[in-house]
Undergrad: 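For reference, the structure I am asking about is given below.
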Number of protein chains: 2
Amino acid sequence: MSKCEQCIIKQFNSLKSLTKEELVRISSCKISMNVKKGEIIFDEGEAVNGVYCVKEGICKLSKLSANGKDQIVKIVLKGDLLGYRSMVSDEVSNLQAVALIDMKVCFIPKSEIINDLQTNPKFSFDVLKEMAHNLKEADDIIVNMAQKSVRQRLAETLIYIHDSFGVNSDRTLSVLLSREDYANIVGTATESAIRVLSQFKKDKLISMVGKKIRIEDIEGLKRVE
Amino acid sequence: MSKCEQCIIKQFNSLKSLTKEELVRISSCKISMNVKKGEIIFDEGEAVNGVYCVKEGICKLSKLSANGKDQIVKIVLKGDLLGYRSMVSDEVSNLQAVALIDMKVCFIPKSEIINDLQTNPKFSFDVLKEMAHNLKEADDIIVNMAQKSVRQRLAETLIYIHDSFGVNSDRTLSVLLSREDYANIVGTATESAIRVLSQFKKDKLISMVGKKIRIEDIEGLKRVE
DNA sequence: AACGAATTATGATTTTGGTCATATTTCGTT
DNA sequence: AACGAAATATGACCAAAATCATAATTCGTT
């Protein structure tokens, strides 16, 4: 089992602000786990009794709406912390976390880390900064949802996936999302997402290799209205 | 000028976690100000060099979208802190704050409070909790925007305004929002908001006294689909 | 009380996106 | 290589909401 104090991934999140001693203690009680694609890390309404540090892979955070659809509110990637919101607010999770590809995550029990959050100001300020950033992102999504067309939101999602996760050797997006996932990010019907993607293909903005998507004209996508 | 350490409003926000000494220091440098209805407290893209503690009144936090519409992402009320997100993340504000009714606010300069945030773990944990709550609310709004109809969102907004701010003696909503404000909360065209409200009136869910709105059947509003 | 700008209201029309039905393709499994 | 379930694609139709135009009203000002 690897040691937190030597783990490179913590540089990407607030855990870097913990002291050596705190890290050693956390390291001794953390639980490393592999999560297979499609597996639920935690579910809506579930008490998340700690935080997950994502070492490998990505997952989606989504919320079931009244009409039975899953709305994806955030994609979490390698280096991010997961579940810290619920832990801080002492509430059950309002979101579900599901692996989009195979993942390696380390679970740190709340009992071990909550004390650090309440006594190490550098750490809690760092978490605060991260949360502030997430809140800003959420505000932006609200505005996009309210004011932009499905076409535009989908174009932006493709660019986001491209820029955040990169491409395979054949230039297809390295993260393979289903059309349903795209629809759930954008907040539209699966058929509508498929239709818009088909149109993008006709307009030579993207091309398809099987189910995979390749961006052909990223500037064109940016201009979509 | 009133003193923070004796101010009752701080009970409603994170400032209650400051020590007596910290409060005395802050009190001596805070700036009390009156903000008239319609006035901008801070604007999008502006550096907010501190936090505002809302003593009286309410304001809207909105963001201008590419198509020129203002999307309201949050209504801030008496007792809330304003602008702390930008302060924490050291970024310019992504939102504009405009008074919806006359307000009394106290401005606390960043230089005075940032140090407390970085050294008083109880305070920063409290701010963290508040931010976590805001983030959860934002997630909920994203889901509502994506999955619910304008009718439903507007019904929920009316209930929210009713429950959060109460009613006048004639039972009309005590916060007078323009139809445009309602449209900007819900994320729709002003005409659409007006149309839906007219329909609510026909359906005897609400009634109108001039521009003011009176909820006649709150249970009916809750059932709107 | 009358005026007038701003707000609210409503109608007509178009556009966007949702829904349901039905192909077609993809890709893992045999 | 063939099979079949799941995913993707497409068509037809419908509903929701946007847009543009035009009235009607509210409410502060004179």
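Order of the sequence lines sets the chain letters (A, B, ...), proteins ahead of strands, with each chain counted from 1. Since we're looking at a predicted model, the values are computed, not measured.
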Undergrad: Measure CG/B/Leu197 against P/C/dT10 and give the value in whole Å, please.
TA: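 In whole Å, C/dT10 P lies 11 Å from B/Leu197 CG.
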
Undergrad: To the nearest angstrom, how far is B/Arg151 atom CZ from D/dA15 atom P?
TA: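 In whole Å, D/dA15 P and B/Arg151 CZ are 15 Å from each other.
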
Undergrad: To the nearest angstrom, how far is A/Lys37 atom NZ from C/dG28 atom C1'?
TA: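 Interatomic distance, NZ of A/Lys37 to C1' of C/dG28: 12 Å.
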
Undergrad: Can you tell me which nucleotide in D/dA9, D/dA17, C/dT10 comes closest to the side chain of A/Met208?
TA: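 Of the candidates, D/dA9 comes closest.
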
Undergrad: Could you check whether the side chain of A/Arg179 and the base of C/dT26 have a donor-acceptor pair of N or O atoms closer than 3.5 Å, going by distance alone?
TA: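 Answer no: no donor N or O sits under 3.5 Å from an acceptor.
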
Undergrad: When rounded to the nearest 0.5 angstrom, what is the spacing between CG in A/Asp181 and OG1 in A/Thr157?
TA: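 The distance works out to 11.5 Å.
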
Undergrad: Could you tell me how far apart A/Arg195 (CZ) and C/dT19 (C1') are, to the nearest whole angstrom?
TA: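 Computing the A/Arg195:CZ to C/dT19:C1' distance gives 9 Å.
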
Undergrad: Within a radius of less than 6.0 Å around CD of B/Glu112, do more than 12 heavy atoms belonging to other residues, nucleotides or ligands occur?
TA: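 Yes.
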
Undergrad: Flag the pair B/Leu64 / B/Gln71 as yes when at least one side-chain heavy-atom distance between them is below 4.5 Å, and no otherwise.
TA: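 Answer no - side chains too far apart.
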
Undergrad: On DNA chain D, check which nucleotide each of A/Leu176 and B/Ser192 is closest to and give me the residue with the more 5' one.
TA: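 On the 5' side of the pair lies A/Leu176.
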
Undergrad: In whole angstrom, what separates A/Asn67's CG from D/dA16's P?
TA: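 Result: 14 Å.
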
Undergrad: Compare side-chain N and O positions of A/Ser198 against OP1 and OP2 of D/dT10 and report whether any pair is under 4.0 Å apart.
TA: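 Yes, such a contact exists.
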
Undergrad: With a 3.5 Å cut-off and no angle check, do the side chains of A/Gln96 and A/Glu44 form a donor-acceptor pair?
TA: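 Side-chain D/A pair, A/Gln96 to A/Glu44: absent.
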
Undergrad: Rounded to whole angstrom units, what separation is found between the OH atom of A/Tyr182 and the C1' atom of D/dT8?
TA: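 Distance, rounded to whole Å: 14 Å.
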
Undergrad: Rounded to the nearest Å, what distance is computed from the CZ atom of residue B/Phe200 to the P atom of nucleotide C/dA9?
TA: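 To the nearest whole Å, that distance equals 13 Å.
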
Undergrad: Could you say whether A/Val196 or B/Ile194 is positioned toward the 5' end of DNA chain C, judged by the nucleotide with the nearest heavy atom to each?
TA: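 The residue whose closest nucleotide sits nearer the 5' end is B/Ile194.
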
Undergrad: Rounded to the nearest angstrom, tell me the gap between atom CD in B/Gln199 and atom P in D/dA17.
TA: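 So the two atoms are 12 Å apart, to the nearest Å.
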
Undergrad: Using heavy-atom distances to pick each residue's nearest nucleotide on DNA chain C, tell me which of A/Glu191 and B/Thr190 is more 5'.
TA: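 Result: B/Thr190.
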
Undergrad: Among D/dT10, D/dA7, C/dG18, which is the nearest nucleotide to the side chain of A/Thr188?
TA: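 My answer, after comparing the listed nucleotides, is C/dG18.
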
Undergrad: Is a side-chain donor-acceptor pair under 3.5 Å present for A/Ser62 with A/Asp70?
TA: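 Looking only at side-chain atoms, A/Ser62 and A/Asp70 do form a donor-acceptor pair, the distance falling under 3.5 Å.
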
